[in-house]
Amino acid sequence: MMSEKYRYLLELIESKRAKLGIIGLGQVGLPTALSFADAGFSVTGNDVNKNLLDGLAKGAIPFEEEGLADLLHKCLQNNKFHTVERTEELIRECDVIIVCVPTPLTEHVRPDMSYLEDIMQILANSFLEGKLVIIESSIPPGTFEDMILPHLQKKNMLGDNVWAAFVPERLAPGSATREIRTTPRVIGFHDIASGHLAQSLYKKMISGQVITTDVRIAEISKLVENTYRDVNVALANEVSLICEIYGIDFKELQTVCNSHPRVNLHSAGPGVGGPCLPKDPYLLLNPHGGNTIESKIIQHARNVNDSMPRRVVDLIASGLSFHGKSLSDSKIGIWGVAYKANVSDTRFSPAKMVISELIRQGSHVIVFDPYTQESFGGTKVSDMWGAVEGSDALVIITDHNTFRNADLDSIKSKLSTPVVVDTRRMFDGNLARSISLTYLAIGYPGLRK
Ligand code: SAJ
C-alpha cells in the first residue's frame, strides 16, 4: 500500500509540477538540468563553484558542448532554470534532488568520494520528507546501500517518506544534449516505490528505454560499460603494434575485420583519456569498504592504454632521426590537447604525457587547440599554422574537425623538417608519403630508408 506522500510526489512528477534540484553543474549536471528544464520541469541548480553560477546566470557555459549554450539561453528566458548558492536552499525548495558531483581518483588510483560524502552529509541533516533523491555520480559497487542509504535514512524511512535511486549518467561529451534524450537509462533501485518514481521522472525527459534493475547491477553496469570500452581500445592499441611488426596498416585491417557482423575492432590511438574510461575500471575493482579485486585483463588494458603516449614519443623520435635530428634539438608542433575530438576537456588526455615527455627530453613544443587554453607546458599559439611554421614535426593528438581539411602540401611547405606523426589517422598515409612527407602513425607500416 503506497503512502499518501508517495502518491502526491508521483502526481507532481507526472504533471511536471515537481521542482527538480541538480547538485553539481559540470559535464553531467548541466546538460541534465537543462534537458529536464527543456522537458518542462522547473529546475534549480547548485555548485560549489560560485564563478560558474555567476556565468550561468549570464548565459555563459563553462565548457564546449554542442547545443548547450542555446539550451541555457532558452531555459533562462522561459524561467525554467535558475541557480542557488546554498545546497541547503536547493534541498529545501525541491521535490526531487539529483546529485551529479564528481567521483574522481586519488593519486593512489582509489575512488575519491569526498565530494559525494560532503553532499550526503548535508542531505543527512536535511528534512527530506516527501522527496526523491537520485544519485547520477559514478560510484564503486556497494556505495548506494552502504553509504548513500544510511545517510538518507538518518531521519527518514526509505520507501515510506523518502525515496532514492541510482541512475548512472550515460552522457557522451560532445553529443550530450542530443544523446541524453535517446540513450536508454538504467534505474537502480533498492525499494520498488523509489524505482517507480525515478522511472516516471526519466520517462518525462527521455524517449529512449528506461530499464529498472537491482541497484547493485546498476552500479556495476555503469562501470562495466566503460571498462568494456577501455579493454576494447587496449586490444585495438595492442593489435596496432602487431600491425607495425607485420608491416600492415591497422586501419585497413580494422575495416576488413569489422565487415564481420560480430566484430567491432575499436580504433587505435594515442591513449585513452577523459573523465570516465581511465577511471571507471578502478571504481569497478575497488568496492565500497572492501579490498581491491584483482583482474589481469582489466589492469593490463589500463597499462596498455597508459603506455600509448610513450609510443607516440617514440614515433616522433624515429621520424626526426630519419632526418638526422633528435628530440632535444627539435621544435615540435602539436595539434590538439583535448582527450577527444571537438571537446574542450583535457582530463587524463594523452597529450599531457606526450608534451611533458617531449619537454623533459629538451624539445621546444608549440601547441594549438581551438577548444582549450591548456597546453601542458608547451607554448600556446592561437593559429593552427603557428604550430606548423618552422617546426621539425607536426604531431596530431586530437582529431578536431578544424584539422580535417588541412592540406598536406601546405603542411609540408611550412614544416622545417617534413615529419608528420598522425596518432588519429586523420590523413591518408599513402598520399602523405607520395609527396615525400615522413609520415608516421599508430598502426602504420614504418619507414624504409
Ligand atoms: N578512444 C580510442 N579508440 C576508440 C574509442 C575511444 O582511442 O575506438 C579513446 C578516445 O580518444 C578517448 C577515450 O578513448 O580518449 C574515451 O572516449 P569515448 O568516446 O569512448 O568516451 P567518453 O569518455 O568521451 O564518454 C564515454 C561515453 N561513451 C561513448 O560515447 C561511446 C558515454 O557513453 C559514457 O556515459 C561516458 O563515457 C561516461 O560518462 O562514463
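Each ligand, and each atom within it, is numbered from 1 in the order the structure gives.
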Original post:
Using a heavy-atom cut-off of under 4.0 Å, does the side chain or the backbone of H266 touch ligand 1, or both, or neither?
Top reply: both
Original post:
Do D38 side-chain atoms and L34 backbone N/O form a donor-acceptor pair below 3.5 Å?
Top reply: no
**OP:** With atom 32 (C) of ligand 1 as the reference point, say which of L171, V343, L235 has the nearest heavy atom.
**Re:** L171
Subject >> For atom 13 (C) of ligand 1, the protein heavy atom that lies nearest, with its residue and separation >> reply: G273 O, 3.6 Å
**OP:** Supply the atom-to-atom distance D280 CG to S138 OG, rounded to the nearest 0.5 angstrom.
**Re:** 4.5 Å
Original post:
Looking only at protein heavy atoms, which one is nearest to atom 39 (O) of ligand 1, and how far off is it?
Top reply: E169 OE2, 2.5 Å
Original post:
Does ligand 1 have any atom that is closer than 4.0 Å to a heavy atom of A236?
Top reply: no
Original post:
Is the shortest side-chain N to carboxylate O distance from E374 to K380 below 4.0 Å?
Top reply: no
**OP:** Could you tell me whether D345 and R347 make a salt bridge, using a distance below 4.0 angstrom between a side-chain N and a carboxylate O?
**Re:** yes
**OP:** Distance to 0.1 Å, residue and atom name: give those for the protein heavy atom nearest to atom 3 (N) of ligand 1.
**Re:** S267 O, 2.8 Å
Original post:
So is R424 in contact with ligand 1, going by heavy-atom distances below 4.0 Å?
Top reply: yes
**OP:** Report, in ascending order of atom number, the atoms of ligand 1 lying under 4.0 Å from any heavy atom of V272.
**Re:** 13 (C), 14 (O), 15 (O)
Original post:
Do you know the tightest heavy-atom contact between F376 and I359?
Top reply: O-CD1, 4.0 Å
Original post:
Are A172 and ligand 1 in contact, using a heavy-atom cut-off of under 4.0 Å?
Top reply: yes
Original post:
Which of these, I187, V210, I98, sits in a side-chain contact (heavy atoms from CB on, under 4.5 Å) with L201?
Top reply: I98
Original post:
Taking only heavy atoms of R170, which atoms of ligand 1 are found under 4.0 Å from at least one of them?
Top reply: 33 (O), 35 (O)
Original post:
Any salt bridge between D314 and R310, counting N to O under 4.0 Å?
Top reply: yes
Subject >> Salt-bridge present (K331, E389; N to O < 4.0 Å) >> reply: no
Original post:
By number and element, which atoms of ligand 1 are closer than 4.0 Å to a non-hydrogen atom of K222?
Top reply: 35 (O), 38 (C), 39 (O), 40 (O)
**OP:** Could you check which of D399, N305, V233 puts a non-hydrogen atom nearest to atom 6 (C) of ligand 1?
**Re:** V233
